Chemist: 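Here's a structure for you.
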Amino acid sequence: MSEERSDGAIRISRRGFLKAGALAGGGLLIGLRLPVGGGAAAAEAGEQRTGADDAAFAPNAWIRITADDQVTVIVDRSEMGQGVMTALPMLVAEELEADWGRIATEFAPADPAYANPILGRQATGGSTAVRGAWRPLREAGAAAREMLVAAAAGRWGVEAAACEAREQAVHHAESGRSATYGELAAAAAEQPVPEAVLLKERRDFRLIGTPQDRLDAPAKADGTARFGLDVQLEGLLTAQVARCPVLGGQVRSFDARQAQRVPGVRQIAEIDSGVAVIAEGFWPAQKGREALAVEWDYGEHAELSSAGIAERFREAAEGGEAATAHSEGDAEAALGQAERRVEAEYEVPFLAHACMEPMNCTARIQDGLCEVWAPTQNQAATQRVAAEVSGLPEAQVRVYTTFLGGGFGRRSHTDFVAEAVACAKAAGAPVQVVWTREDTTRHDHYRPATYNRLSAAIGEDGGIRAWRHHIVGPSIMSQNGMIPADQRLDSSSVEGAAEIPYRVPHTRVAYTMANTPVPLWWWRSVGNSQNGFIREAFLDEVAAAAGEDPYELRRRLIPEGDRHHGVLERAASEAGWGQPLPAGRARGIAVVYSFGSYCAEVAEVSVTAGREVRVHRVDVAIDCGTAVNPEIVAEQMESGVAYGLSAALGEAITVERGRIEQGNFDDYTTLRIHQMPQVRVHIVDSGEDPGGIGEPGTPPIAPALANAVRAATGEPVRRLPLARAGLQPA
Amino acid sequence: MRVALTVNGERREAEVAADTPLLWVLRDHLGLTGTKYGCGISECGACTVHLDGEAVRACSVPAGQADGRAVTTIEGLGDGQGGRHPLQEAWIAENVPQCGFCQPGQIMSAAALLARTPAPDDAAIDAAMGGNLCRCGTYQRIRRAIHRAAAQVQESEA
């Protein structure tokens with residue numbers, strides 16, 4: 001555990017360190033236990049792993065320095081585009097005084113030592129990577145630096161205080177002596193772990209806060225980056241799995257005779273999720289699957305349709321009892337007494353993640369070891385699931401994380417892991433399970449659809465006197481057993497709606513859980529993606545009814561000193577809010593807090609007479625506290641805008657006869673280059689500790705777009721994607 | 001059938017069913033994994049390679065049609081001596097890749113564009129790159145990188 005001293009230095013207790021030992025080649029290895037999720041069991045498991053591995057490479061650490069002066073940072077979060085492979089080593093290198101231009105990285109294995117301090121397990125999600133690492137990784141770097149300095153001071157017989165670490169070497173100015181970290185590594189490993197380390201003051205940062213190029217860009221530009229699909233092993237087979245097209249259905253029986261005759265098909269095996277065709281490569285697996293005759297037991301949901309689900313939501317809104325997510329004053333009474341009231345219904349669809357890399361996983365079981373190569377956001381669950389399916393203890397499961405061809409939450413699920421291990425077990429050979437694009441779309445776990453009723457009362461002062469928002473929709477947490485079966489409130493369903501940043505004396509935000517058989521999971525920015533849209537678009541409707549400027553109303557209703565102000569004002573001024581636009585163009589603004597960061601966006605759009613919508617420009621203002629790498633912050637804002645815009649313009653998952661109707665990019669249409677607006681990112685430096693950046697750029701774009709369209713047409717956009725509001729993307 | 005290709009300047013052969021898409025010949029038989037599988041129906045462009053100099057979607061070209069022809073993949077786009085193509089340099093300089101999965105296909109499409117239009121404007125870029133999806137939304141950086149590479153090529157030729 002660490003605590004802050006009054007002088008700002010961070011004190012780490014000695015038991016905070018797991019390990020400091022010598023490498024075989026003579027080097028320094030230092031690990032620092034994370035403050036959450038460790039514990040005795042985790043430490044023990046870590047020790048076991050250490051024993052099983054070459055002791056020189058014990059994994060409970062982020063830093064490895066070898067005699068050849070190579071500093072390697074172990075990256076314990078998954079790189080899915082959000083930049084952790086660059087940002088996390090920056091935190092270490094800053095305090096370590098490593099030479100950034102020579103840093104090397106490795107992805108961490110599955111190990112309790114790498115538990116995410118915010119999530120409590122080794123996983124990447126919730127825009128937590130930099131937030132969680134902000135203290136531990138700097139502490140790890142600082143402690144290593146102090147040991148290197150102590151080693152140099154000891155060698156030279158001088159005071160450590162007279163030495164300085166700089167550019168991967170320790171220098172003693174008085175005598176003019178210097179030694180590289182590589183030269184000092186072996187001796188540093190003998191040094192006691194410091195009881196406390198001093199972290200740099202913000203003004204002393206040399207690396208943090210500077211735009212640095214991505215370390216993964218070269219490999220991703222020349223084709224050498226290894227994604228899950230690119231894993232190559234001796235004797236590797238490829239499997240495709242035929243799964244029931246109806247949600248919740250199962251295999252009744254199958255006839256494998258034709259499939260087995262396809263050249264290259266090795267084996268047909270029934271596994272939990274369907275029938276696996278295991279073959280010598282993708283194409284034989286595909287042909288074998290086409291030749292496979294499966295009779296399905298469609299189960300209970302063969303008549304399920306999107307129309308039926310929408311109807312169920314409406315009925316639930318009428319009859320069902322709602323759980324209160326937030327309540328202040330007496331919204332019912334205030335609305336009842338109101339002279340000016342605005343009311344609206346909003347609907348959003350189920351959404352697929354549509355990662356560019358189709359789902360896949362590779363597994364090999366041999367010599368009592370289950371090895372899994374996975375593009376996963378969730379090493380902890382991958383290890384657990386692989387153990388369950390293989391029948392081996394977790395200590396005999398190795399997880400190797402590849403690059404992820406997109407994640408967006410989808411890859412924190414483990415359905416693809418279970419399949420790969422089941423296939424490897426059945427085949428007695430290494431197997432890579434590959435989902436086709438259609439599999440990836442039809443067997444996703446989707447962003448929930450919701451139906452919403454909103455009412456607001458406009459006060460005599462032009463402000464909002466009452467606000468009521470009733471959300472009806474299925475619950476991710478209930479469906480996946482993350483909350484007790486009788487709990488009626490899912491915090492992820494109401495996030496972005498329950499915490500209204502605006503001063504409203506009477507508010508009630510309520511939620512009616514209306515579960516459906518459609519599988520659900522985290523989707524970039526989770527509840528904020530729907531609720532940010534609904535709240536901010538409805539607020540614009542209220543502003544219009546009150547005759548207020550939507551930007552000015554927001555500013556007026558947000559309390560002084562609130563961080564929403566900084567981003568609202570910056571986005572508005574950069575976008576030229578209030579300045580004249582060319583004919584046919586209009587602007588919309590929205591602001592949403594999520595994952596520790598404040599983000600406001602202004603969209604500039606045009607709507608043609610044919611009701612075609614084009615987004616020309618988006619100004620993003622982001623207050624993510626300290627921007628560790630402003631270049632990556634900018635990238636993530638661009639990406640968040642693109643992802644949210646893609647959904648708002650054209651994405652929807654629908655169900656008919658129990659089947660997901662969309663399959664590929666021809667009917668699940670995502671953003672293309674001609675639809676990409678100019679995105680300008682403005683970082684508002686509040687000097688706070690880092691907030692998240694992977695998700696916060698997404699929620700404000702749909703409402704900014706909707707509000708701009710309303711400004712252009714006079715009609716609110718209450719349904720997404722645009723086609724459901726009678727509009728089309730250009 | 002025995003398919004014979006010239007891949008990145010080298011003669012390569014593989015024993016495959018004639019309808020096997022070029023994509024899987026490259027990935028599963030020749031071990032060239034830089035070319036990505038994204039959709040299988042020419043909708044996403046992740047598998048873009050050059051066939052006799054033309055950008056094609058490798059997922060939709062049967063091996064039988066590729067037989068005897070020259071294929072360039074992302075692995076062979078550089079100068080053949082370990083040097084990167086100007087587009088690859090530009091991609092790195094503009095920090096284009098995020099997850100990176102679509103980028104080999106993006107770069108191969110961009111290379112085909114520059115080969116016939118050395119100085120494309122944004123409209124030409126959008127037209128040529130419209131078949132390449134990116135879910136990370138790196139599109140505006142892709143535009144910038146193409147302009148950068150085009151300028152660099154023209155400068156070096158001037």
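Remember, it's a predicted structure, so these values are computed and weren't measured experimentally. Numbers restart at 1 for each chain; the letters A, B, ... are given by sequence-line order, proteins then strands.
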Chemist: OH/B/Y37 to CG/A/D230 distance, rounded to the nearest 0.5 angstrom?
Modeler: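 Going from the OH atom of B/Y37 to the CG atom of A/D230 covers 14.0 Å.
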
Chemist: Short question: side chain of A/S639, backbone of B/G137 - any donor-acceptor pair under 3.5 Å?
Modeler: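 Here the side-chain-to-backbone pair does not exist.
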
Chemist: What heavy-atom pair brings B/D28 and A/F282 nearest, and what distance separates the two atoms?
Modeler: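 Taking B/D28 first and A/F282 second, the nearest heavy atoms are OD2-N, 2.7 Å.
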
Chemist: Name the region of B/E94, side chain, backbone, both or neither, that has any atom closer than 4.5 Å to a heavy atom of chain A.
Modeler: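 Looking at B/E94, just its backbone touches chain A.
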
Chemist: Taking every non-hydrogen pair under 4.5 Å, which of A/P218, A/G281, A/G83 racks up the most with chain B?
Modeler: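 Ranked by heavy-atom pairs under 4.5 Å with chain B, first place is A/P218.
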
Chemist: What distance do B/L23 atom CG and A/W283 atom CH2 have between them, rounded to the nearest 0.5 Å?
Modeler: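 Going from CG on B/L23 over to CH2 on A/W283, the span is 9.5 Å.
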
Chemist: Select one option (side chain, backbone, both, neither) describing which atoms of A/S646 are under 4.5 Å from chain B's heavy atoms.
Modeler: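 Looking at A/S646, just its side chain touches chain B.
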
Chemist: With a 4.5 angstrom heavy-atom cut-off, is it the side chain or the backbone of B/T20 that approaches chain A, or both, or neither?
Modeler: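 Backbone plus side chain of B/T20, per the 4.5 Å heavy-atom cut-off to chain A.
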
Chemist: Determine the option with the most heavy-atom pairs under 4.5 angstrom with chain A, choosing from B/P104, B/C39, B/C136.
Modeler: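 Counting heavy-atom pairs under 4.5 Å, the top option is B/C39.
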
Chemist: Are the side chain of B/R27 and the backbone of A/L229 linked by a donor-acceptor contact shorter than 3.5 Å?
Modeler: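 Checked: pair present.
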
Chemist: For the pair B/Y139 (side chain) and A/A642 (backbone), establish whether a donor and an acceptor sit closer than 3.5 Å, ignoring hydrogens and angles.
Modeler: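 The answer is no, because no donor-acceptor pair under 3.5 Å joins these two groups.
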
Chemist: B/Q98 and A/E638: side-chain hydrogen bond (donor to acceptor under 3.5 Å, both in side chains), yes or no, with the steps?
Modeler: CA-CA 11 Å; B/Q98 288 190 26; A/E638 293 164 23; 5.2 Å; no

Chemist: If you measure from SG on B/C44 to CZ on A/R672, what distance do you get to the nearest 0.5 Å?
Modeler: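 It is 8.5 Å, given to the nearest 0.5 Å.
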
Chemist: Between B/I107 and chain A, with a heavy-atom cut-off of 4.5 Å, which part of the residue counts as in contact: side chain, backbone, both or neither?
Modeler: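 Contact with chain A involves the side chain of B/I107 alone.
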
Chemist: Does A/R214 reach the main-chain N or O of B/N95 with its side chain, forming a donor-acceptor pair under 3.5 Å?
Modeler: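 Answer holds: no.
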
Chemist: Output the distance between atom CG (A/D222) and atom CD1 (B/I92), rounded to the nearest 0.5 Å.
Modeler: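 Rounded to the nearest 0.5 Å, the CG-CD1 separation comes out at 7.0 Å.
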
Chemist: Can you tell me which portion of B/L87 sits under 4.5 Å from chain A's heavy atoms? Options are side chain, backbone, both or neither.
Modeler: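 The answer is neither part of B/L87.
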
Chemist: Using modelled atom types only, decide if a donor and an acceptor are shared between the side chain of B/R84 and the backbone of A/A221 within a distance under 3.5 Å.
Modeler: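 Pair absent, no side-chain N/O of B/R84 close to backbone of A/A221.
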
Chemist: For the CG atom of B/D122 and the CE atom of A/M676, what is their distance to the nearest 0.5 Å?
Modeler: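 If I round to the nearest 0.5 Å, the distance is 12.5 Å.
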
Chemist: Within the side chain of B/R135, is there an N or O that forms a donor-acceptor pair under 3.5 Å with the backbone of A/A354?
Modeler: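 Side chain of B/R135 to backbone of A/A354, a donor-acceptor pair under 3.5 Å: yes, one is there.
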
Chemist: Between A/K220 (side chain) and B/Q103 (backbone), is there a donor-acceptor pair under 3.5 Å?
Modeler: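 Judged by distance alone, no pair lies under 3.5 Å.
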
